[in-house]
Amino acid sequence: MRLNRRQLLQALGLGAASSLIRGEPIARASSPTYPSRIVFYVQPHGHIPNAFNMPIPGAPTNQFAELSLANLAQSELSPTLQPLYAYRDRLLAIEGLSHTSALADIAAVMAAGSGDLNNHQVGVADVLTGSRALQRPGIYCTGGAMTVDQVLAARLSAPGRFDSRVYGFDYIPNSVVSPFSYLGPGQATPMVSDPAAAFQDLLGYITPASTTPNSRAALLASMRGSVLDSVADEYNLLAPKLDAEGLLKLQQHRDLVRQLELSLGAIGSGSTCSPAYDTTQINVRQFMSLIQLAFTCDLTRVVAFTAPVPLCPVLGYPADATFHMYAHQSVNPPSCGQTFSPYAAQAMTDLDAWHAGHVAYLLQQLDSVPEGSGTILDHTVVVWITELATPTHLHYNAYTLLAGGCNGFFDTGRYVRYPQTMTSPLPNEPPIGPAHNRLLVSLMQAMEQTDTSFGMTSATGVDGSALSMVGPLMELEGT
Amino acid sequence: MRPLLPLAACGLVAAVYAGCSNGDPASPSLPVVTVPSTPVGPSPLRRLSDAEYLNALQDLFPALTATVGPTLPALPPDVAVAGFDNAAEAQIPSDVLVARYESVANLYAAAACVDASSVAALVGCADWSTAALATSCATQFIQQTGARLFRRPVASDEQARFLLHFQAWRATIDFPGAVQLTLSAMLQSPQFIYRAEPLPAKPSGSVVPVDSYAMASRLSFFLWQSVPDDALMQAAALDQLQTDAQIHAQATRMLADPRALRVLWSFPRQWLGLDQILLAEDTARTPQVDPFWTTSTQASAYTETQLFVQNVLGQGGTFRDLLTSPRAWVNGEMARIYQVETPIDPAAWTEVTLSPVERAGLLTRVSFLAGYSHAGATSPPVRGNAIQLRILCSLPISPPPGVDLSQPSIPDGGGPETNRQLFEQRTAPAFCQGCHAGLNGFGFGLENYNAEGHYQTTDDTLPVDASGTITGTDVDGPFVGGLDLSSRLSRSRTVHDCATQELVRFALGRAPTSVEATEVAALATSFMQSEGDLRALLLDVVSSPSFRMQLVEEY
């Protein structure tokens, strides 16, 4: 029996005041003048550590450490971060978070003795939920909760714009087919993979001024809302004639029809927002351009983008190779019985730089739109995140990048490193750093929510120690 | 049932797969009769799947589909459950889906009303020049078009609502505009998009036959993947879709109609995962495997399989023929890979008989063999897994974390080794054999077919050893090569059980429940006795209680 979004949020304990376990509620002097936006750029397969890592000279490894990026030359940035040099003052690179919820999930499945334990699938289900995967008999596991982008989408829902946009490409190395964004357990958020279709959706909100305003065609177009209203009525009237399960489905459909009705022409013809995007670039960059359009016209405040895993020839590597294959060989020590290969490490480094270039392009797109005394980028946080901490399927000591100002919430222009001091839920693993759930909490708070936890709230180290997973990462915040 | 393996082995066995029997001895033949008190599973609300929705539009508006079809936006893909795209539990609406429905409805409505004569043809009257004529015309239009789209007579309250909106739209624009807007509204309404069946006023837990209109839709969406035709609707109007004989007669007629080719392809395609060949990783093969493989080859392999399935079944063949028949329809590309004579017109599809010592049915076709291989080498475990999962309804098992999943290769300076030998070495540890004894048992037996499905007798200069072992069935034991494997599986009760269970899942839009286990077993027994006659099974399924009844559940 599926719950609607409101019921689901209540069931998850979100939306109601969570108890404060540590940290103070965020006190901002006032609501930001310009709305905060968030974009998740999800890169499958993990960063190669040697490509992303930057040493922090003189800093002890058992404490939080930070390095300012402001005065560095481009060559002093790590290979992954070099394409982002122009935006270094608005980067916050984070080393050392742990996907503790994935580790705890794996530990629980192993203890139960049955279930899908593929690291890719667990990671995919975990990265934006911070929760255990949904195990289903006879098939791979999938997301077990509403993802952070959809939670924000529901919170920030308002007529006249999309709750969120989910764009990107299917991630299919080996047997993984689950997407990253979920409306609920096992319920993937529909993802649009065709930029032209995504643009058409955005256009539904932007009604360009008709060149023949009183024409019959314009009149017919103006009746779209009336038609949708009658359609919503039909759902409303049929729903009670069915059983509980059918009622819920039709009510959900009715609500979506009403939402579409409200959205029509929300951006009037007098607006400065011009409905166009750059169709000349590769698909990934077309989506970056569409995200700029969506934010400029305030058509959404939340975007989740899944970057593709390109075929090897795209980056000049052989056709019979896959990046998945290189991934296993790209880090020392390698995984799955592989031999470390410098060639594979180079391939994964090139892949990281390829993605970095797209992220840089997104930043440039957002930074080119003035807003207030700054740009849209100053009011946005771009979250470059991966579902595996390393290409060798580890789930700890991950690299994450935040970019943008997000209305001053984050203290940017730094590379920060969290110490690895906690015990993993899995045996024979090195110590781990703070749970990435806490980054999700920070992101919720950056988007003006008051949550103090997201997803799993605690786990147990293999030595029995309690691993707290709540509270924001205060070290990331600005004053 | 596969025993629960200790954690040390690679088996992290998923929970029991509901309803999957495994090699029970055949029970005596049970006649398939309707017993009103037979328990059935739930009747969830079903929506038209993407394919059913597009088929419906095509069957309702064939001429319009020819013009607007190419302009339609893509629908968000259905969420597949157990490989099938019509699972009711996964049919949650989304904002993207609702927006697409609106776009498609508007495109069809605009095309249908492009000029006065089109409107006249649609509504069935040519004169709407007075208010009275317009009203009677509109009434007729709503009644007749509504009945076609809603697949039942329009109720009086529905009629009144649509007419009210029609009049308002006519006042704002004109009569043709009102027709266009009304048609668009109908195409987005739940009576078209969903398959709502009237809830009988009976106590919770009652099992009652669905009414004839609902039965007409159940039959047509199953056997034609689309809306009922006029003959079915007439039978429903006369309440003549209730008895065994009536249903049998209609279903027989429907199976003889060309539209039945849809289910004859759609079911095997989804059950056996025959779309696998269309994945991105199959766009290329290494030059060592085939320097001429392109995306066109990939598409040809898919079409070749589709033609095989549709033609064999369409011409009265059985499910067993799908596994064993060497008939094929090939173009130039496929003729090259199968090493048969190039057809006179390499772009056209020509029927041939493939080599009877090299080829049999689906398990020896390029789409299966290449679809479950890598670009440069075969993977016996992947092929074995496909057989276990799809054909035997057996549990798929993920490799444990941390194992080496890369393609094994000969170390530098090493002597010649076959792919089989490399995999034998890789999976030799006892820890691995728990799963790989079974997986490799199937996969090794297909090593005569390389990564594109080309037949080979040597591998790296050594002779191919295609001996294998069937496990987990009622026909277990050693075999040699793809033909032997195909023949043995085609006569396996386990395979027939699996096929039956999955066909029932496909028919009902949900997995059969435990209360339906006896019914499914009886269907499988008949399927076995008919030697895999899929048409007979389809007829049995539509006559079965689960297909004809509705479980009244507590509100």
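Chain letters run A, B, ... following the sequence lines, proteins first, then strands; residues in each count from 1. Hydrogens, waters and symmetry mates play no part in the numbers below; they use all other heavy atoms, side chains included.
- Within the 4.5 angstrom heavy-atom criterion, only backbone atoms of B:Glu197 (N, CA, C, O) approach chain A.
- If you measure heavy-atom distances from A:Val192 to chain B, the contacts under 4.5 Å come from the side chain alone.
- A pairwise comparison of heavy atoms in B:Cys498 and B:Leu392 identifies SG-C, 3.7 Å as the closest pair.
- Among B:Ile193, B:Ile173, B:Val382, the residue with the largest count of heavy-atom pairs under 4.5 Å with chain A is B:Ile173.
- Side-chain contact, B:Asn106 with B:Glu102: a donor N or O sits under 3.5 Å from an acceptor N or O.
- For the pair B:Val81 and B:Glu89, the tightest heavy-atom approach, listed with the atom from each and the gap, is CG1-OE1, 4.0 Å.
- Among A:Arg254, A:Lys241, A:Gln329, A:Arg216, the residue with the largest count of heavy-atom pairs under 4.5 Å with chain B is A:Arg216.
- One side chain, B:Ser184 or B:Gln188, offers a donor N or O that lies under 3.5 Å from an acceptor on the other.
- Highest contact tally toward chain A, considering only B:Arg100, B:Gln180, B:Arg46, B:Gln407, is held by B:Arg100 [criterion: heavy-atom pairs under 4.5 Å].
- Looking at B:Leu164, neither its backbone nor its side chain comes within 4.5 Å of chain A, counting heavy atoms on both sides.
- Residue B:Pro44 touches chain A through both its backbone and its side chain, counting heavy-atom pairs closer than 4.5 Å.
- With no hydrogens or angles considered, a side-chain donor-acceptor pair links A:Gln150 and A:Ser164 at under 3.5 Å.
- Proximity to chain A (any heavy atom under 4.5 Å) is shown, for B:Val98, by both the backbone and the side chain.
- The two residues B:Val289 and B:Gly376 make their nearest non-hydrogen contact at CG2-O, 3.6 Å.
- No part of B:Ala168 comes within reach of chain A, as not one of its non-hydrogen atoms sits under 4.5 angstrom from that chain.
- With rounding to the nearest 0.5 Å, the separation of CG in A:Leu103 from OH in A:Tyr396 is 8.5 Å.
- No donor-acceptor contact under 3.5 angstrom links the side chains of B:Thr182 and B:Trp169, judged on distance only.
- Interface remark: B:Pro200 contributes no atoms to any contact with chain A (heavy atom separation under 4.5 Å).
- A salt bridge does not link B:Glu502 with B:Arg390: none of the charged nitrogens is closer than 4.0 Å to a carboxylate oxygen.
- With a threshold of 4.5 angstrom between heavy atoms, A:Leu238 approaches chain B through side-chain atoms but not through N, CA, C or O.
- Comparing B:Thr172, B:Asp95, B:Leu97 by how many heavy-atom pairs each has under 4.5 Å with chain A, the most go to B:Asp95.
- Your options are B:Arg285, B:Gln191, B:Gln288, and the one with the most heavy-atom pairs under 4.5 Å with chain A is B:Gln191.
- Residue A:Ser222: no heavy atom, backbone or side chain, is found under 4.5 Å from chain B.
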